[in-house]
Amino acid sequence: MILSIEVDTGHAQVVEWTDDLSVRLARGTTTRSLVLFLRAADSEGTSRRDVLTVLTERFALPFDDARLAMDRVTGGVVRAASGIPENEPDPVKDPVAWTSYRLELGLPTADEAPGPSPEERAAAEALLAGARPGEPSRGTEDVAVALEVARLAVASRERDSARSRLLVQAATSLSVAAEACIARLGEQPCAPEGSQEWVDGVALAAAARQVTAGFADLPDPQLEERGLGLVGRIVTRLLGQCHAFVGRAMIESARCIQRNGDPSQAAGHAEAVLADFKVLLDQFESEDPADEYVIALEYLLAAIELLIEVRGGSAELTALADRTKGMLARSLN
C-alpha cells in the first residue's frame, strides 16, 4: 500500500493517485457513516483516544486502518478544496476519501442499507423462541444471525429466569459462531488484521460484552464470569495479535473474578498480562509507542496495580509500575 501525501498549499493542484486504500468495515456499518462520524468528531473536538475507540470497536478497524481512515477523510477534504474535478478520489480504490470529498462538496453518496436480512432476522427470532420455554440453547455458525440473537436478547424486556434463558441463548450463539470463525483460520494463531474473521471477531466480542452486562444484573455472579470468559476466548483466538484488545479482556476478567471472591485466580490473570506485556517496556524504551501500545501499557499498569492490591508490593513491581507510568507520561507529551 502506498500512502499519498496531500498538502493544502493554498494553490490548486492535481493530487496523484494512490494504490488501494480501501478498508473492511464491520457488518451493519457503511463508509458514509464512518466518514460522517469522523467529520462530526473533528468539528466537536473529540479526543483522538475516543475517536480510535469508535473506529476500532464500532467499525472494527485495526489500528493501522483506523489511522488510515482518519487520513483519508482529511485527504478527501483537501481534494475537494482544490476545485479540480480530476482530484475526485477513486470510489473503489479510495472509498473513504471519495465519500469525504463528495460530502464536502454537498454531492450525493451511496449508502448501502445495513442490518441483517429478513432471513437472518427470522433465524435469530426462531432461536430465541425456542429458548423462552426453556428448550436447550442451540448455536449458529452464521455470524450475522448470532449478532442479531444477541441484539434481540439484550434489548428484551423479559425479566428474571426468562431473561436469563434469552441471554444464555445469545451467549451460546455467539460462542458457536466464534468457534466457526476460529476453525476457518486453520493453523493461523489469530485472524489477519482487516480480514472478515477480524471484523467479525471484534463484533462478536462487543456483543459478548453486552450479553455479559446483562448477566451482571442477574443473581448468579458466575454468569458474568463465564460471559467474560467468552469475550476472552473470542479476543485471544481471533484478535490475539492486538495487545490493546487482549489486555482489556484479561483485566476485565481479572476484576470480575476478584469481585466474585477469588483474588488468587484474579492475580493469575494479572500475572499473565505482566508476562506478555512487560516486553513493551524494552520495545519502546527509545521510541514513542503507537496508539494501541499506549493502551496496552495502560493495561500493563492495571495488571501491576492488581497484583500489588492482592499480594502486596515488592521492589520489582514498584520498579515496573514506575517505568510504565514514565513511559505513559512521555507518550502523552
Side-chain angles (χ1 to χ4, degrees), residues 49-50 52-54 56-58 150 153-154 163-164 167-168 170-171 174-175 178 190 201-281 289 291-314 316-325 327-328 331:
R49 175 66 173 274
D50 288 343
L52 284 169
T53 296
V54 173
T56 57
E57 295 184 12
R58 184 198 304 171
V154 169
R163 179 166 173 78
S164 177
L167 292 172
V168 169
L174 295 172
S175 177
C190 47
V202 174
L204 289 165
R209 281 193 174 93
Q210 292 172 341
V211 170
T212 299
F215 284 149
D217 295 331
L218 297 174
D220 184 356
Q222 295 303 314
L223 283 174
E224 182 185 9
E225 192 172 320
R226 289 166 58 192
L228 288 173
L230 172 59
V231 174
R233 169 69 176 171
I234 295 168
V235 169
T236 55
R237 283 297 284 112
L238 291 174
L239 315 171
Q241 71 267 56
C242 181
H243 283 77
F245 288 163
V246 172
R248 177 185 178 186
M250 293 293 287
I251 293 300
E252 283 176 340
S253 285
R255 288 299 185 187
C256 178
I257 292 167
Q258 185 183 28
R259 289 194 301 273
N260 286 349
D262 192 345
S264 178
Q265 186 181 353
H269 276 59
E271 283 182 332
V273 175
L274 184 61
D276 288 344
F277 283 35
K278 65 182 180 181
V279 296
L280 299 176
L281 296 175
D291 303 283
E292 57 269 42
Y293 292 110
V294 172
I295 297 170
L297 288 167
E298 291 173 351
Y299 287 121
L300 171 60
L301 182 60
I304 295 168
E305 291 174 342
L306 191 152
L307 284 170
I308 292 173
E309 181 181 339
V310 171
R311 295 180 177 170
S314 68
E316 180 184 5
L317 288 175
T318 299
L320 285 172
D322 290 343
R323 193 177 172 195
T324 306
K325 290 175 183 176
M327 191 167 290
L328 285 169
S331 70

Does Arg163 reach the main-chain N or O of Ala153 with its side chain, forming a donor-acceptor pair under 3.5 Å? yes

Would you list the atom pairs, donor with acceptor, under 3.5 Å between side chains in residues 268-279 and any protein atom, with sequence neighbours excluded?
residue, atom, partner, partner atom, Å
His269, ND1, Gln265, O, 3.3
Glu271, OE2, Arg311, NH1, 2.2

Nearest 0.5 Å, please: how far is CG in Leu230 from OG in Ser253? 10.0 Å

Any chance you could measure Leu297, atom CG, to Leu328, atom CG, to the nearest 0.5 Å? 5.0 Å

For side chain to side chain contact (heavy atoms under 4.5 Å, CB included), just list the numbers for Tyr299 and Val246, CA-CA rounded to whole Å, side-chain angles, deciding distance to a tenth of an Å, and then say yes or no. CA-CA 9 Å; Tyr299 287 121; Val246 172; over 6 Å; no

Once you round to the nearest 0.5 Å, how far does CG of Leu52 lie from CD of Glu57? 10.5 Å

Quick one: do Glu309 and Arg255 satisfy salt bridge (Lys or Arg N to Asp or Glu O under 4.0 Å)? Show the steps, please. CA-CA 11 Å; Glu309 181 181 339; Arg255 288 299 185 187; 3.1 Å; yes

Could you tell me whether Glu224 and Arg259 make a salt bridge, using a distance below 4.0 angstrom between a side-chain N and a carboxylate O? yes

Does Asn260 use its side chain to pair, donor to acceptor, with the backbone of Glu225 at less than 3.5 Å? no

CG-CG distance between Leu301 and Leu320, expressed to the nearest 0.5 angstrom: 10.5 Å

Correct closest heavy-atom pair for Cys190 and Gly240 would be CB-N, 3.8 Å

With side-chain contact (heavy atoms from CB on, under 4.5 Å) as the test, pick out the partner of Phe245 among Ile234, Leu238, Val235, Ile295. Val235

Closest non-hydrogen contact found for Ala296 with Leu280 is CB-CD1, 3.8 Å

Hey, mind stepping through Ser164 and Leu223 against side chain to side chain contact (heavy atoms under 4.5 Å, CB included) and telling me if it holds? CA-CA 9 Å; Ser164 177; Leu223 283 174; 4.1 Å; yes

Residues Val154, Val211; criterion side chain to side chain contact (heavy atoms under 4.5 Å, CB included); working and verdict: CA-CA 6 Å; Val154 169; Val211 170; 4.0 Å; yes

Mind listing the closest non-hydrogen atom pair of Ala254 and Leu306 along with its distance? CB-CD1, 3.9 Å

Quick one: CD1 on Ile304 to CD on Glu316, what's the gap to the nearest 0.5 Å? 9.5 Å

Closest approach of Leu174 and Ala150, non-hydrogen atoms and distance? CD1-CB, 4.0 Å

Enter the distance from Thr212:OG1 to Asp217:CG here, rounded to the nearest 0.5 Å. 11.5 Å

Closest heavy-atom pair and its distance - Thr56, Val202: O-CG1, 3.4 Å

Salt bridge flag under 4.0 Å for residues Glu298 and Arg248: no

Where Val231 and Ala208 come nearest, the two heavy atoms and their spacing: CG2-CB, 3.6 Å

Would you say CZ of Arg226 has more than 12 non-hydrogen atoms from neighbouring residues, nucleotides or ligands within 6.0 angstrom? no

